[in-house]
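These notes concern the structure reproduced below.
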2 protein chains.
Amino acid sequence: MRKGELTHQAILERAVQLASRVGLQGLSIGGLAEELQLSKSGLFAHFRSKSSLQVEILEAATAMFTERVIRPALTRPRGEPRVRALFETWLTWAKELVPEGGCIFVAAATELDDVPGPARDRLVQTERDWLDCLAQAARIAVAEGHFRKDLDVEAFAHDEKALLLGFHHAARLLKEPRAEAWARRAFEALLRAARPVAS
Amino acid sequence: MRKGELTHQAILERAVQLASRVGLQGLSIGGLAEELQLSKSGLFAHFRSKSSLQVEILEAATAMFTERVIRPALTRPRGEPRVRALFETWLTWAKELVPEGGCIFVAAATELDDVPGPARDRLVQTERDWLDCLAQAARIAVAEGHFRKDLDVEAFAHDEKALLLGFHHAARLLKEPRAEAWARRAFEALLRAARPVAS
DNA sequence: GACAGTTCTAAACGCTCGTGCTTTTTTCCG
DNA sequence: CGGAAAAAAGCACGAGCGTTTAGAACTGTC
């Protein structure tokens, strides 16, 4: 009973890494089993199908994201500091993943965007929750007076996401060294535009 | 001699569409052949291998992009109008592709980002050329006095790209109706920040 | 209208895939 | 420690993959 859960978790950990590199579809059960020195059928028994493995991979990745990006930032004071912290932890997350296959959510987003099914549904849910989280942080910053009263917080969250997609693209595909600096500069511009006009 | 070229071209046209949906790796020669009502080996004979098919797909897509995005914009007057036109034709291109599998370059970018080989090389080349094109248009706008003298034109080009990635993501995965409006608004903000400060 | 050359088809190859079954090994509890 | 339950392995399956080869069906030319 206990050993099962343990390997189950170990499989998922590796699977998230591997899927970041080769994609959720590109990931093969045989290949994953070999990396873990496990038999293909032994691994398969943990998940009743490949598609449910994919869903579990996304759920495991979501848990990691919450732990490493959202939770640390929520300890920061409400308002702009927290908005900053969210962007900062997020950028760190992405930056660390760049050398090892990239962020799995970016990979899954383009891979699943027209592959209907539970995996896609799960991914959309995660993305929506994350955008809501960003928007909510911005909303608090508005309430605190750090941001303009008429700021479109959802557009703001979307812009943050675009920035990170741009960073990911430049850093991973083009291996652009200035990618991080550009992302940070663009974020500062976003903040500047969000703050109340100096009277 | 003539018939061969014809089907070759027809294959590529379909292949670009199909690859946008399922990816360059996900595309299968058998599946493509079936869509075109051609035998698998008959199709295969046109390309000596799958990887060279992938390269030809990217080249065909690049030609379409040049024709439909770059060329029309280059007829506009130098400076900000041309910068605007490039963004506008680009957004139109992306918008039209959203319902039919999305932009193949976006799909290929995340798919090939750590798959070394000729396909990846070709894609990087296309992306670099395109960023150079955007940067050059911005450089001209600087020369014309439309943009600030100290504008970092490469960062500007990168920001435009991030905007479009954001649009693509929001429109395709999240089916967000406001995606286009958000992209346009963010672009206007980009322009505003690029223009010289009113003295 | 026949002939050369191009273009397409049919069949088969070795391989890998996801997924079942059966059996062996390991784990855990009284 | 023994025996039930859980976990892993082994093996086989049908299908699909990229690719090769041999031959049939076209194409354009004189």
Side-chain angles (χ1 to χ4, degrees), chain A residues 1-58 60 107-108 111-112 115-120 122, chain B residues 1-58 60 107-108 111-112 115-120 122:
Chain A
M1 218 103 107
R2 209 161 58 255
K3 174 82 186 315
E5 271 303 318
L6 210 78
T7 55
H8 194 99
Q9 217 55 37
I11 292 170
L12 282 177
E13 204 160 315
R14 273 280 211 171
V16 170
Q17 282 185 268
L18 191 52
S20 307
R21 248 175 285 134
V22 299
L24 281 172
Q25 328 238 29
L27 178 144
S28 86
I29 292 175
L32 180 58
E34 199 172 354
E35 274 214 28
L36 289 151
Q37 282 165 223
L38 241 135
S39 76
K40 194 165 62 144
S41 50
L43 189 153
F44 184 81
H46 282 272
F47 315 88
R48 300 167 310 289
S49 71
K50 181 172 182 183
S51 75
S52 87
L53 166 63
Q54 293 173 331
V55 172
E56 288 203 43
I57 288 175
L58 286 173
E111 204 180 346
L112 300 178
V115 182
R120 197 203 126 101
R122 198 65 188 72
Chain B
M1 215 99 101
R2 210 161 60 253
K3 175 87 188 311
E5 271 302 318
L6 211 78
T7 55
H8 193 101
Q9 218 55 37
I11 291 170
L12 281 177
E13 204 161 313
R14 273 280 211 171
V16 170
Q17 281 185 269
L18 191 52
S20 307
R21 247 175 285 134
V22 300
L24 281 172
Q25 329 238 30
L27 179 143
S28 86
I29 291 175
L32 180 58
E34 199 173 353
E35 274 215 28
L36 288 152
Q37 281 164 226
L38 240 133
S39 74
K40 194 164 62 142
S41 51
L43 188 152
F44 185 83
H46 283 272
F47 316 88
R48 300 167 312 288
S49 70
K50 180 171 183 183
S51 77
S52 87
L53 167 62
Q54 292 174 331
V55 172
E56 287 203 43
I57 289 176
L58 286 173
E111 202 180 346
L112 301 178
V115 182
R120 196 203 127 101
R122 196 66 188 72

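Below, all heavy atoms of this structure are taken into account, side chains as well, without hydrogens, waters or symmetry copies. Just so it is clear, the structure is predicted and the values come from calculations on it, not from any experiment. All chains are named by letter (A, B, ...) in the order of the sequence lines, taking the proteins before the strands, and each is independently numbered beginning at 1.
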**Request:** Just grab all the ring-ring contact (aromatic ring centres under 6.0 Å, His included) pairs involving residues 4-45 of chain A, residues at least two apart or on different chains.
**Result:** A/His8-A/His46, A/His8-A/Phe47
**Request:** To the nearest Å, give me how far apart CZ (A/Arg2) and C1' (C/dC29) are.
**Result:** 11 Å
**Request:** Kindly indicate whether the side chain of A/Gln54, heavy atoms from C-beta on, has any atom under 4.5 Å from the side chain of A/Leu27.
**Result:** no
**Item:** Nearest-Å distance for atom pair CG/P, residues B/Leu36 and C/dC8
**Value:** 11 Å
**Request:** For B/Glu5 and D/dT27, give me the distance from atom CD to atom C1', rounded to whole Å.
**Result:** 15 Å
Between the protein and nucleotides 23-25 of chain C, which nitrogen or oxygen pairs are less than 3.5 angstrom apart?
none

**Request:** In whole angstrom, give the distance that lies between atom CG of A/Leu43 and atom P of C/dG20.
**Result:** 15 Å
**Item:** Phosphate-side-chain proximity, A/Thr7 and D/dA8, N/O vs OP1/OP2 below 4.0 Å
**Value:** yes
**Prompt:** In whole Å, what is the span from the CZ atom of A/Phe47 to the P atom of D/dA8?
**Reply:** 10 Å
**Request:** Could you name each residue pair satisfying salt bridge (charged side-chain N to carboxylate O under 4.0 Å, His left out) that touches residues 6-33 of chain A, not counting sequence neighbours?
**Result:** A/Arg14-A/Glu35
**Message:** Which residue in the set B/Leu24, B/Leu32, B/Leu18 passes side chain to side chain contact (heavy atoms under 4.5 Å, CB included) when paired with B/Ile57?
**Reply:** B/Leu24
**Request:** In whole angstrom, give the distance that lies between atom CG of B/Leu32 and atom P of D/dC17.
**Result:** 11 Å
**Message:** Using the salt bridge (charged side-chain N to carboxylate O under 4.0 Å, His left out) criterion, which residues pair with A/Arg120? Sequence neighbours excluded.
**Reply:** none
N/O-N/O pairs, protein side and nucleotides 12-17 of chain C side, under 3.5 Å:
{"residue": "C/dC17", "atom": "OP1", "partner": "A/Ser28", "partner atom": "OG", "Å": "2.9"}

**Fill in**
Heavy-atom nearest nucleotide on DNA chain D taken for A/His46 and for B/Ser41; more 5' hit belongs to A/His46
**Request:** Find the distance B/Glu34:CD to C/dT9:C1' and express it as a whole number of Å.
**Result:** 15 Å
**Message:** Base, sugar-phosphate or nothing for B/Leu38? Non-hydrogen atoms, less than 4.0 Å.
**Reply:** sugar-phosphate
**Asked** Taking atom C1' of C/dT6 as reference, at what distance in whole Å does atom CG of B/Leu6 sit?
**Response** 14 Å
**Complete:** Taken to the nearest 0.5 Å, the spacing of B/Arg122 CZ from B/Ser51 OG works out to 14.0 Å
**Message:** For a side-chain contact (heavy atoms from CB on, under 4.5 Å) check, start with the C-alpha distance between B/Leu112 and B/Gln25, then their side-chain angles and the critical distance, and finish with the verdict.
**Reply:** CA-CA 9 Å; B/Leu112 301 178; B/Gln25 329 238 30; 4.0 Å; yes
**Sequence neighbours excluded, every pair satisfying salt bridge (charged side-chain N to carboxylate O under 4.0 Å, His left out) that has a member inside residues 41-50 of chain A** = none
**Asked** How long is the span from the CD1 atom in B/Ile11 to the CG atom in B/Leu38, to the nearest 0.5 Å?
**Response** 5.5 Å
